[in-house]
Amino acid sequence: MANEEIPKKYDWKESENKWKEYWEKEGVYKFDPKANGDMYAIDTPPPTVSGKMHIGHAFSYSQQDFMVRFNRMKGKNIFYPFGTDDNGLATERLIEKMKKVKSTRMERKDFVKLCLETLDEIRPQYIADWKHLGISCDFSIFYTTINEHCQRISQKSFIELYKMGREYQKEAPTMWCPECRTAIAQVELQDQETPSTFNHIIFKLDDGKELIIATTRPELLPACVSIFAHPDDKRYKKLFGKNARVPIFGHEVPIMASQKADPEKGTGILMCCTFGDQDDIEHYKEFNLPLKIAITKDGRMSEIAGKYKDMPIKDARKAIIEDLKNEGLLLKQEQIKHTVNVHERCGTEIEILETKQWFIKYLDLKDEFKRIGREMNWHPPHMRHRYDNWIDGLRWDWCISRQRHFGVPFPVWYCKKCGEVAVADESQLPVDPLADKPKKACAKCKSNDFEPEKDVLDTWATSSLTPQLATELFKNNPVYKKIYPMSLRPQAHDIITFWLFNTVVKNYLHYKSRPWNDIAISGWALDPHGKKMSKSKGNVVEPQAVWQKYPVDALRFWAGGSKLGDDMPYQEKDLVTGVKTITKLWNAARFAFMHLGDYDPVKHADIDLEAYDKALISKLNRMVKSCTESFENYEYSKTKMETEKFFWQDLCDYYLEVSKDRLYNPDKRGENARRSAQHALYRAILTTVKLLAPIMPYITEEIYHTFFKKHEKKKSIHLSGWPSYDENLADENAEILGKIADFTVEHVRRAKSEQNISLKEPVKRVVVEAKISEEDFEKIKEDIKGVTHAEEIVFEAIKPESKKDMECTIDI
RNA sequence: GGGCUCGUAGUCUAGUGGCUAUGACGUCUGCUUGACGUGCAGGAGGUCACCGGUUCGAAUCCGGUCGGGCCCACCA
């Protein structure tokens, strides 16, 4: 391109649209199953299609993309699929709202169909945000966690684990959300601090004596089945074996001893209800207590609550407290704050109900899961502790059935005659038992009369299969074997216990192997004050609004500023810095090419370099080495920092200024001096742009095409190869000379600044003292003279034994 | 209560034993330097949370204290 055609300003909006389209049209990120090079396969997190991309997504997806782009430039064969997560409650709610329907009033098949159709409509717009962010996925390797492909894999997984004996169905106390009316798993619990009242309630003994029990949940009184105190508690020892009468409800319950009772807590004596908490379940099992259910699946009082029947839990609590007061059975009330478990989707306090559910048995495998955890490389390493910590705290088998309408159906029927479980045949997957029939008669009694399972699978039972959902798209291709285990699982730290752990579980159960080699855990984007963003606080920043105002590259540049795993405050000023860097890159490249003229990197490859240029190339070469190492270690922020510093300080502030004399005045300095500068400029700008390409894909592509493509010939900078370290370019001596030159320039600049005079003003005399030979100094003398506009430069050698290394005196 | 993690100029941040503690933003003073004023040059600004220890030497290692964050547990 001729100089006059190069625009003075970089138009980022135009550039973004142009390259986004070009990358797609040219298949720059297309996976090639036949390509050479080591495989680098990414288990891309499928974002929930029912939401909008938020700044946290922009943050963490940018970070994973840096690493992918680096590996692509390194020549690896990139398998980078994209999926959307549209399974589960979030989608169900969205479709109900959008289409004004109630899923429960529709046939499951019809509702699922409506979901799939609606999702197909809204998905392209949603994915467009990810494309705009510059994520270099091959978007044609695509799955949605609810489509037929995924349903088939998910159901197949269920069938396999069932046949292995890892899945069982059981009537058991289960965590239940009365709002969503479904069983949930331990991982879906969330803590919430809630104000509550500690009620001291009077129970009567046979002999008329009173027993004071403190509880926050008096509505569970009808479900009270026993009373416990610590075996050594002197206050209650004599009561063991006796009965107490439950106030209002009047039934008698035994008073027993339990190690779990804490004499220090409350009144030291507690009531056991079926069920209020974990301990109740354990007491229920240990003492073989009766089952009294006070709460129904929709969060109301059951029949045993008598006159409180059908009341919502909280109303019943109030009414019972009122009645206790009236009967003089409420001794006192204390206001307390305590944390309760709520359902993470809806914030409703969970209940423990006895229901029939499907479970994956895995508590016996804790050590194996931890072993697999140690087999993988965690970045940063300490994130593995969260994983171990979670496994240590696991107390429930994985409940995988949900009493919902939308999701992957259980491929299961029950024989009406004998109750035997019939699982679907693999050939009929995906299957909906509500509409389809088993292929064979009942294995036990040969009956053909079946009852379908209505429940759907937990959404995590499917999303824990993302390595399979993606790789099985290439099941019939020889490359299939090379993709698994995948190279990388990138994700944020909040779902280590959900997605990451569950994926390890499924992959272990199916293959006894780890799903990935590396794990990269991103942090969160925080508000400018380091606080978590949330809609209720009103401090949410939308990436769509950001890239209206700033280039996407600037947003990614910000995301590249934090170490992997660290949270990062979002500050608009960081975007401004990004914009400045983009402008500076554009201008520096423009400057370089204004002066490159007929320079040809191939034809002029054997140029005899000037000392100052050798210094630059040597430094650049060292930087390539350390940037590569940083990237290989997932430390993209180090690469960014180092490159940025080199570019801004070494290259722009010093090199470009020093080289001007040679570029503008070839008559004075000679043809070789000019060619040498051209060579250094070409290499330095190209290398810098390549090092920043993973972080800022748009501006670097623009610069590559505008200036370098005619020489470099690759169709994209992102396929142009990562710069390689060349030992032969290391030149320690040249770097020392470079340092002396820069030191001198700095001193002259300071002297001029102190005198408030322009940098282009000449100075009379500069005396440089350094520990080099006169001969070596001659190699940089003209460069120093050119940039400082010194009329006279005098050199004095410092003796090797002297303490100081260099000195500079200026005579203005 | 347990695990992990962090505490560095007004703000964000680099730095895991060794020159005068890094960079950016902000601030102050200059400079219309033939790429860029979205720029250039220069300056001011820090008891590296606190206490103690190891060491010739500590922001960095060890112990403790205080404070923030995340996860888990408890929820009588």
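What you see is a predicted model; the values in this text were computed from it and never measured. Side-chain atoms are counted along with the backbone in the values below, which use heavy atoms only and exclude waters and symmetry mates. Naming convention: chains lettered A, B, ... in sequence-line order (proteins, then strands); numbering from 1 in each chain.
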Do any pairs count as a salt bridge (Lys or Arg N to Asp or Glu O under 4.0 Å) and have a residue in [range], sequence neighbours left out, and if so which ones?
{"range": "residues 215-228 of chain A", "result": "R217(A)-E219(A), R217(A)-E351(A), E219(A)-R317(A)"}
{"range": "residues 652-667 of chain A", "result": "D613(A)-R662(A), E657(A)-K660(A), D661(A)-K668(A), D661(A)-R669(A), R662(A)-D783(A)"}
{"range": "residues 546-559 of chain A", "result": "D65(A)-R556(A), K549(A)-E572(A)"}
{"range": "residues 745-756 of chain A", "result": "E746(A)-R750(A)"}

I'd like the [atom1] distance from [M] over to [N], given in whole Å.
{"N": "rU11(B)", "M": "rA73(B)", "atom1": "C1'", "answer": "37 Å"}
{"N": "rG43(B)", "M": "rG17(B)", "atom1": "P", "answer": "30 Å"}
{"N": "rC61(B)", "M": "rC6(B)", "atom1": "P", "answer": "10 Å"}
{"N": "rG30(B)", "M": "rA44(B)", "atom1": "C1'", "answer": "15 Å"}

Rounded to whole angstrom units, what separation is found between the [atom1] atom of [X] and the [atom2] atom of [N]?
{"X": "W378(A)", "N": "rU5(B)", "atom1": "CH2", "atom2": "C1'", "result": "15 Å"}
{"X": "M568(A)", "N": "rC70(B)", "atom1": "CE", "atom2": "C1'", "result": "18 Å"}
{"X": "W586(A)", "N": "rG39(B)", "atom1": "CH2", "atom2": "P", "result": "18 Å"}
{"X": "M383(A)", "N": "rC72(B)", "atom1": "CE", "atom2": "C1'", "result": "15 Å"}
{"X": "I336(A)", "N": "rA76(B)", "atom1": "CD1", "atom2": "P", "result": "8 Å"}
{"X": "D567(A)", "N": "rC12(B)", "atom1": "CG", "atom2": "P", "result": "14 Å"}
{"X": "L585(A)", "N": "rU38(B)", "atom1": "CG", "atom2": "P", "result": "17 Å"}
{"X": "K563(A)", "N": "rU13(B)", "atom1": "NZ", "atom2": "P", "result": "10 Å"}

Establish, from distance only, whether the side-chain atoms of [X] and [Y] form a donor-acceptor pair under 3.5 Å.
{"X": "E642(A)", "Y": "S630(A)", "answer": "no"}
{"X": "H379(A)", "Y": "E635(A)", "answer": "no"}
{"X": "T216(A)", "Y": "H338(A)", "answer": "no"}

* Asked: How would you list, by chain and number, every residue that makes a side chain to side chain donor-acceptor pair (under 3.5 Å) with E807(A), sequence neighbours excluded?
  -> none
* **With Q491(A) via side chain to side chain donor-acceptor pair (under 3.5 Å) - residues at least two apart** =>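 Q491(A) satisfies side chain to side chain donor-acceptor pair (under 3.5 Å) with R489(A) once adjacent residues are dropped.
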* Heavy atoms under 4.0 Å is the rule here; annotate nucleotides 29-34 of chain B 5' to 3' with B where the base is hit, S where only the sugar-phosphate is, and - elsewhere. => -SS-BB
* Name all residues meeting the side chain to side chain contact (heavy atoms under 4.5 Å, CB included) criterion together with D280(A); count only those two or more places apart in sequence or in a different chain, and write none if there are none. =>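 Partners of D280(A) under the side chain to side chain contact (heavy atoms under 4.5 Å, CB included) test: C272(A), C273(A), F275(A), D277(A).
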Hey, does the side chain of [X] come within less than 4.0 Å of [N]'s phosphate (OP1/OP2), counting only N and O?
{"X": "T216(A)", "N": "rA76(B)", "result": "yes"}
{"X": "K8(A)", "N": "rC36(B)", "result": "yes"}
{"X": "W390(A)", "N": "rA73(B)", "result": "no"}
{"X": "Q186(A)", "N": "rA73(B)", "result": "yes"}

* Members of residues 571-580 of chain A that approach RNA chain B, where some heavy atom sits under 4.0 Å away -> Q571(A), K573(A), T577(A), V579(A), K580(A)
Under 3.5 Å, which donor-acceptor pairs link side chains of residues 383-390 of chain A to any protein atom two or more places apart or in another chain?
from, atom 1, to, atom 2, distance (Å)
Y387(A), OH, F369(A), O, 2.7

* Mind checking which stems touch RNA chain B? I mean at least 3 consecutive Watson-Crick or G-U pairs, both distances under 3.5 Å. => B:1-7 with B:66-72, B:10-12 with B:23-25, B:27-31 with B:39-43, B:49-53 with B:61-65
* To do: Kindly indicate whether the side chain of N389(A) and the base of rG2(B) share any N or O donor-acceptor pair separated by less than 3.5 Å?
  => yes
* Asked: Does H54(A) have any ring-ring contact (aromatic ring centres under 6.0 Å, His included) partners at least two apart in sequence or in another chain, and if so, which?
  ->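 ring-ring contact (aromatic ring centres under 6.0 Å, His included) check on H54(A) returns H57(A).
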* To do: Classify the nucleic acid contact of A588(A) as base, sugar-phosphate or nothing, counting any heavy atom under 4.0 Å across all strands shown.
  => base
* To do: Have a look at N341(A) and say if it touches a base, only the backbone sugar-phosphate, or nothing, with a 4.0 Å heavy-atom cut-off.
  => base
